[in-house]
Amino acid sequence: LAYCKANSDNTVVDLIAIHPDGSDPITLSADNQFIDKVSWSPDGLYLAFQARRLGANGLFKVNALGEDLHQLSQDPGDLDESPAWSLPAN
């Protein structure tokens with residue numbers, strides 16, 4: 001499971017992953033100004049999400065351990081949104 005956790009004044013948002021029983025929370029992406037549209041990869045190893053980080057808007061990818069964070073796109077007009085995964089072709 002993954003969820004977004006905001007600080008008390010809603011200026012910083014963290015992306016958190018937890019086990020289905022609520023144990024072992026892991027911060028996947030911290031200090032975001034905005035996170036939306038979180039999507040797990042079909043194999044459960046990565047999450048893609050829309051965010052504003054360090055003043056840049058775009059799509060990001062991080063692995064389920066909170067490592068290997070990559071910005072996939074950068075959009076100053078806030079048009080990059082709703083990441084979705086596709087299944088591999090057979």
Considering all heavy atoms, the nearest [X]-[Y] contact:
| X | Y | answer |
| --- | --- | --- |
| Asn32 | Ala51 | OD1-CB, 4.2 Å |
| Pro42 | Ser86 | CG-O, 4.1 Å |
| Val13 | Cys4 | CG1-CB, 3.7 Å |
| Gln71 | Gly58 | NE2-CA, 4.4 Å |

If you measure from [atom1] on [X] to [atom2] on [Y], what distance do you get to the nearest 0.5 Å?
| X | Y | atom1 | atom2 | result |
| --- | --- | --- | --- | --- |
| Asn63 | Asp68 | CG | CG | 5.5 Å |
| Asp36 | Ser82 | CG | OG | 7.5 Å |
| His19 | Ile26 | NE2 | CD1 | 6.0 Å |
| Lys5 | Asp14 | NZ | CG | 7.0 Å |
| Leu15 | Ile35 | CG | CD1 | 4.5 Å |
| Lys61 | Leu28 | NZ | CG | 13.5 Å |

- Task: Under 4.5 Å between side-chain heavy atoms, chaining through other members, with only Ile, Leu, Val, Met, Phe, Trp and Tyr counted: pull out the rest of the cluster around Tyr46, sorted by chain and number.
- Result: Leu45, Trp85
- Message: In the structure I gave you, are the side-chain heavy atoms of Gln50 and Phe34 within less than 4.5 Å of one another anywhere?
- Response: yes
- Message: Is there a side-chain contact between Ser39 and Phe49 in this structure, where contact means two heavy atoms from C-beta onward sitting under 4.5 Å apart?
- Response: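 With C-beta onward as the side chain, the pair stays apart.
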- Run the numbers on Leu69 and Glu67 for side-chain contact (heavy atoms from CB on, under 4.5 Å), then give the verdict. CA-CA 6 Å; Leu69 176 69; Glu67 303 164 343; over 6 Å; no
- Step-by-step side-chain contact (heavy atoms from CB on, under 4.5 Å) determination, Tyr3 to Ile18: CA-CA 8 Å; Tyr3 66 94; Ile18 59 171; 3.9 Å; yes
- Under 3.5 Å donor-acceptor, Ser73 side chain and Leu59 backbone: yes
